[in-house]
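Here's the structure, in structure tokens; my notes come after.
Whatever order the structure lists ligands and atoms in, that order sets their numbers, starting from 1. Source: prediction; values computed, not measured.
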Amino acid sequence: MPLPPVDLAIEARWIVPVDPADLVLENHAVVVNHGRIIDLLPQIEVAERFSPRERKRLDQHVLIPGLVNLHTHAAMSLLRGLADDLPLMQWLQNHVWPAEAQHVSAQFVHDGTLLACAEMLRGGITCFNDMYFFPRAAAEAAIASGMRAAIGLITVDFPSNYAADADDYLAKGLAVRDQLLGEPLLSFCLAPHAPYTVGERSFARVLTLAEQIELPIHLHLHETVQEIDGSLQRFGMRPIERLCRLGLLSPALIAVHAVHLDTHEIELLAQHGCSVAHCPSSNLKLASGIAPITELSAKGVNIGLGTDGAASNNRLDLFQEMRLAALLAKEQGGRADAINAHRVLYMATLGGARALGLDACIGSISRGKAADLCAVRLDDIALVPCYDPVSHLSYAVGREHVSDVWVGGRMRVENGQLIENNETELIKLALLWQNKIRP
Ligand SMILES: CSC[C@H]1O[C@@H](n2cnc3c(O)ncnc32)[C@H](O)[C@@H]1O
Ligand SMILES: [Zn+2]
């Protein structure tokens, strides 16, 4: 009997599927056909079962699911380092919003997102959840980069270069979704910006739409103490209480930041099945605080990791977020095992996928899922010897150790180099924008 032909067999020294938890496979292979994982088996069985058109040997590597960046503003890569060392509201009101009013256009978003996709792919991120103006331009850049993206259909109650009012934002967002519905690497989220920029009427519309078309809702929430104080003054209640009354707490909600939570609010997020996008670098850099992820996790709240935008982080690097999330949780809980290495890897992969409603498709190396994969070289001077590859992934690896990346079975990074986009051209593009923004 001839063996079934398949597109690709990736043979790796270690494979960490993420699901089931804590499993590390040695000398196994992932078999890929038509963009999907069709088998995960010992290397010696590949030749007995399949006839791969291509074989990739990763003798010194660990293969993991592609990382999922659960919260970013990709195009803000063009604003990286524009305003540092400020708290959130000063940063937004005095620097970022004026710069966005002056410079943001469809071209800005397209070029900034291309740049961000290049940075993310090279760092092992295969999927990002975006929230920014001109979502069609962001979607086109993601498609051109061969990256998976959840595109935010944004709404705020103030006008911008993109839209005039909340209804206009939503109408434009829905039109983008209609136009791009068949794109295999794209999904969509409703993305009301924050409780302090979105009013009751807009939230009601977002909720109706989320229920009608079954989309997640991606929202900055409880990021700073000022946000909570402002809500108490304006609405007589804290933002989560307000959202609860509006009916927005549900498994569809991705609460970004969730830094300042009391016990009751942790219970509410857990009871309603909400997810949290934990963005530790951004929260530290803007001096917002540290999200209580150990308590959230203990109550069963699903957690993913986000970089936030490059203007507040200033890196789109989920390996750093994994390390930081684990270290901060240990300090916060006063326990070295508060959040362990496997748990942060879960957050950076399947946790993010689950929040986006994509866990049937991505987030683990499992039969039937898309072949979104990331190979990390462990033969570096900083990574030998290796007793436990998951320990290395969470505490020692840097994004520079990512060697190869596949999205939907197509190789996007080989030996640390982007395949689709020319890095020299991207650097030229970024410099053109730099000269426009700060001539
Ligand atoms: C409506 S598009 C997104 C909007 O969000 C701004 N933004 C970037 N980072 C943060 C953050 O940490 N909290 C709140 N808002 C943020 C971005 O500049 C856009 O204006
Ligand atoms: Zn953000």
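Side chains of Asp19 and Ser364: a donor-acceptor N/O pair is absent below 3.5 angstrom, by distance only. Counted by atom type alone, Ser288 and Asn283 present zero donor-acceptor pairs between their side chains at under 3.5 Å. No donor-acceptor contact under 3.5 angstrom links the side chains of Glu100 and Tyr162, judged on distance only. Side-chain atoms of Ser297 and Arg343 form a donor-acceptor pair, as typed in the model, at a separation below 3.5 Å. Remark: the His220 side chain and the His222 side chain contain no N/O donor-acceptor pair separated by less than 3.5 Å.
Ligand 1 has no N or O atom lying under 3.5 Å from any N or O atom of Ser312, backbone or side chain. Between His193 and ligand 1, at least one pair of N/O atoms sits closer than 3.5 Å. Close N/O approach between Trp97 and ligand 1 is found [any backbone or side-chain N/O within under 3.5 Å]. For ligand 1, the polar-atom distance check against Ser282 finds no nitrogen or oxygen pair separated by under 3.5 Å.
For the Zn ion (ligand 2), the nearby protein N/O/S atoms, meaning those under 2.8 Å, are His71 NE2, His73 NE2, His220 NE2, Asp308 OD1.
For ligand 1, the atoms closer than 4.0 angstrom to any heavy atom of Met76 are 8 (C), 17 (C), 18 (O). Each of the atoms 12 (O) of ligand 1 lies under 4.0 Å from some heavy atom of His257. Near Leu88, meaning under 4.0 Å from any of its heavy atoms, are these atoms of ligand 1: 11 (C), 12 (O), 13 (N). Set against the non-hydrogen atoms of Val96, the atoms of ligand 1 under 4.0 Å away are 18 (O). Contact atoms of ligand 1 toward Tyr196: 14 (C) (distance under 4.0 Å to a heavy atom of the residue).
Glu331 CD: 12 or fewer foreign heavy atoms inside a 6.0 Å radius. Atom CD of Glu425 has more than 12 neighbouring heavy atoms from other residues, nucleotides or ligands inside a 6.0 Å radius.
At the shortest separation from atom 17 (C) of ligand 1 among protein heavy atoms lies Glu100 OE2, 3.4 Å. Atom 1 (C) of ligand 1 has as its closest protein heavy atom Ile154 CD1, 3.8 Å. Closest to atom 2 (S) of ligand 1, if we only count protein heavy atoms, is Tyr132 CA, 3.8 Å. Annotation: atom 9 (N) of ligand 1 to nearest protein heavy atom, His73 NE2, 3.3 Å. Closest protein heavy atom to atom 13 (N) of ligand 1: Glu223 OE1, 2.7 Å.
Screening Asp262, Val259, Ile266 for a side-chain contact (heavy atoms from CB on, under 4.5 Å) with Pro292, the sole residue that qualifies is Ile266. When each of Thr307, Asn129, Thr126 is tested with Asn69 by the rule side chain to side chain donor-acceptor pair (under 3.5 Å), just one qualifies, namely Thr307.
Counting heavy atoms under 4.0 Å from ligand 1, residue Tyr162 does not touch it at all.
Checked for salt-bridge contact, Asp167 and Arg201 meet the test: a charged N lies under 4.0 Å from a carboxylate O.
For Tyr169, the closest heavy-atom approach to ligand 1 does not fall below 4.0 Å.
With hydrogens and angles disregarded, a donor-acceptor distance shorter than 3.5 Å links the side chain of Asp130 to the backbone of Ala74. Thr349 contributes a side-chain N or O that, together with a main-chain N or O of Tyr346, makes up a donor-acceptor pair within less than 3.5 Å.
In this structure the side chain of Leu209 never reaches within 4.5 angstrom of the side chain of Leu215, judged on heavy atoms.
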List the steps, then state whether side chain to side chain contact (heavy atoms under 4.5 Å, CB included) holds for Thr263 with Glu295.
-> CA-CA 9 Å; Thr263 318; Glu295 287 92 328; over 6 Å; no
